[in-house]
Amino acid sequence: MWWFQQGLCVWPWALVVWSSASFIFSFITAVLLHHVDPLVPYISDTGTVAPERCLFGIMLDISSFLGIVTFYIRFKQVEAFNAEDRKMAKLNKTGLVLGLISCFGLCIVANFQKTTFIAMHIIGACLTFGLGMLYILVQTIISYKMQPHIHGKGIFWIRLVIFVWCASSVVSMFISSVILSADLHGADLAKKLHWDIHEKGYTLHIISTISEWSLAFSFNSYFLTYIQDFQKISLHVDVDLSGPDLYHPSRNPSAYNESTPLMSGGI
């Protein structure tokens, strides 16, 4: 059995690979068609102009679906680990809500382009990255409480380092973007896809874009740490048929019970 066939680890693996491909493919397409500069454009800029706009939107919508499934599986794993701890249960539910809203924000980013729906695009980005960072914080706290039963101390420290990486990227992107907007007040930065190295604000622009890419890959790196945990989860389905013999209906007709569920499953 291959490692990605163990348990349910295929979901975080698929989330990381697909999300990374969403950014990279749209970036390559936009650069080859000269729609953006090759030196670290904003991720959203690589999905602004057709045809990469369609690719960017569709792939991010699929990423949001993979994220929802991954977050829910993680929620059920933590719930099964310690169902009697009320504080852990509240923290776990909070993490699930933050994760689902973050996925919804990703859908907004995918379907509302930066150049035409700037307000909605910013809201989606704040939901995705802002609440996504809080989700990572909550899961890091949960990870601390789950050691060493589910994983070792090493996984917790890796997740803590990734959270610090994520938080520093958010702060760097926010500060550089605010200063850039103040320095170039009146300029339509949302529709600016090409920058000159000698142009005012270029350095702040590069800092902001590098921070955004760093933030995106810190998210993906965090979900890679789920793979080992998800390998311990198995999905099974129990089938319970209560009724006449399927091949010989005349046998034991009194055993039929309409209220009996046909299928039940559990993680």
Side-chain angles (χ1 to χ4, degrees), residues 12-13 15-49 52-53 55-64 66-67 102-103 105-110 112-115 118 121-137 158-159 161-181 184 189-197 199 201-225:
W13 175 82
L15 173 61
V16 171
V17 172
W18 189 268
S19 299
S20 300
S22 303
F23 304 144
I24 294 173
F25 288 167
S26 60
F27 168 76
I28 293 174
T29 305
V31 170
L32 291 178
L33 296 177
H34 304 288
H35 293 161
V36 296
D37 298 325
L39 184 58
V40 202
Y42 282 112
I43 295 176
S44 55
D45 287 347
T46 64
T48 299
V49 184
E52 63 268 19
R53 177 174 59 195
L55 178 68
F56 185 77
I58 293 173
M59 294 189 73
L60 282 190
D61 283 336
I62 297 176
S63 292
S64 65
L66 295 174
S102 178
C103 291
L106 188 61
C107 289
I108 295 177
V109 171
F112 290 90
Q113 301 303 320
K114 178 181 177 183
T115 54
I118 181 61
H121 187 85
I122 292 177
I123 291 174
C126 291
L127 292 177
T128 302
F129 292 132
L131 297 188
M133 184 185 68
L134 293 179
Y135 172 83
I136 289 178
L137 174 61
I158 290 173
R159 289 174 179 170
V161 169
I162 294 176
F163 168 72
V164 174
W165 173 18
C166 173
S168 60
S169 298
V170 169
V171 172
S172 176
M173 184 177 66
F174 176 77
I175 293 176
S176 58
S177 298
V178 169
I179 297 176
L180 180 62
S181 299
L184 300 180
L189 297 177
K191 297 183 179 180
K192 189 173 179 59
L193 301 179
H194 298 279
W195 288 76
D196 185 84
I197 192 172
E199 192 173 358
Y202 179 79
T203 302
L204 287 172
H205 165 74
I206 292 297
I207 294 175
S208 181
T209 55
I210 291 176
S211 299
E212 185 183 45
W213 282 92
S214 173
L215 179 60
F217 283 105
S218 68
F219 270 56
N220 283 342
S221 299
Y222 192 89
F223 299 129
L224 282 176
T225 67

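Not measured: the values here are computed from a predicted model. Computed over heavy atoms, backbone and side chain alike; hydrogens, waters and symmetry mates excluded.
Scored by the side-chain contact (heavy atoms from CB on, under 4.5 Å) test, Val16 finds Ser20, Asn220, Phe223, Leu224 as partners (sequence neighbours excluded). With sequence neighbours left out, Ala30 forms a side-chain contact (heavy atoms from CB on, under 4.5 Å) with His35, Val36, Thr46, Glu52. Partners of Phe219 under the ring pair (Phe, Tyr, Trp, His ring centres under 6.0 Å) rule, at least two apart in sequence or in another chain, are Phe129. Every side-chain contact (heavy atoms from CB on, under 4.5 Å) that Leu66 has, sequence neighbours left out, goes to Trp11, Ala14, Leu15, Trp18, Ile62. The ring pair (Phe, Tyr, Trp, His ring centres under 6.0 Å) check on Phe27 picks up Trp213, with sequence neighbours excluded. Listed by chain and number, the residues in a side-chain contact (heavy atoms from CB on, under 4.5 Å) with Tyr202 are Leu39, Trp195, Ile197, Ile206 (sequence neighbours excluded). The side chain to side chain donor-acceptor pair (under 3.5 Å) check on Ser208 picks up Tyr42, Ser177, with sequence neighbours excluded. Remark: Thr209 pairs with no residue by the side chain to side chain donor-acceptor pair (under 3.5 Å) rule, at least two apart or across chains. Looking at residues two or more places apart in sequence or on another chain, you find no side chain to side chain donor-acceptor pair (under 3.5 Å) involving Thr29. By the side chain to side chain donor-acceptor pair (under 3.5 Å) test, Ser102 is found to be paired with no residue, residues two or more places apart in sequence or in another chain being considered.
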Could you pull out every donor-acceptor pair under 3.5 Å between side chains of residues 161-170 and any protein atom, sequence neighbours left out?
residue	atom	partner	partner atom	Å
Trp165	NE1	Ser214	OG	2.6
Ser168	OG	Val164	O	3.0
Ser168	OG	Trp165	O	2.8
Ser169	OG	Trp165	O	2.9
Ser169	OG	Ser214	OG	2.8

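Annotation for Pro41 and Pro38: closest pair CD-O, 4.3 Å, computed over non-hydrogen atoms. Shown here for Leu215 and Ser218, the closest heavy-atom pair between the two residues is O-OG, 2.6 Å. Closest approach of Ser44 and His121 over heavy atoms only: CB-NE2, 3.2 Å.
Summarising the geometry, atom CG belonging to Asp45 is positioned 9.0 Å from atom CG belonging to Asp37; distances are rounded to the nearest 0.5 Å. Residue Ser64 holds its OG atom at 5.0 Å from CG of Asp61, rounded to the nearest 0.5 Å. Here the straight-line distance linking atom CD1 of Ile24 with atom CD1 of Ile43 works out to 10.0 Å at 0.5 Å rounding. Taking SG from Cys103 and CG from Leu127, the interatomic distance works out to 11.0 Å, rounded to the nearest 0.5 Å. Between Leu60 atom CG and Leu55 atom CG the span is 9.0 Å, to the nearest 0.5 Å. Separating the CD1 atom in Ile210 from the NE2 atom in His205 is a distance of 9.5 Å, to the nearest 0.5 Å.
Heavy-atom contacts from other residues, nucleotides or ligands closer than 6.0 Å to CZ of Phe25 number 12 or fewer.
A tilted orientation is assigned to the rings of Phe56 and Phe23, their planes being inclined by 30° to 60°.
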Show, in sequence, the C-alpha distance, side-chain angles and deciding distance for Leu131 and Leu134, and conclude whether the side chain to side chain contact (heavy atoms under 4.5 Å, CB included) test is met.
CA-CA 5 Å; Leu131 297 188; Leu134 293 179; 3.9 Å; yes
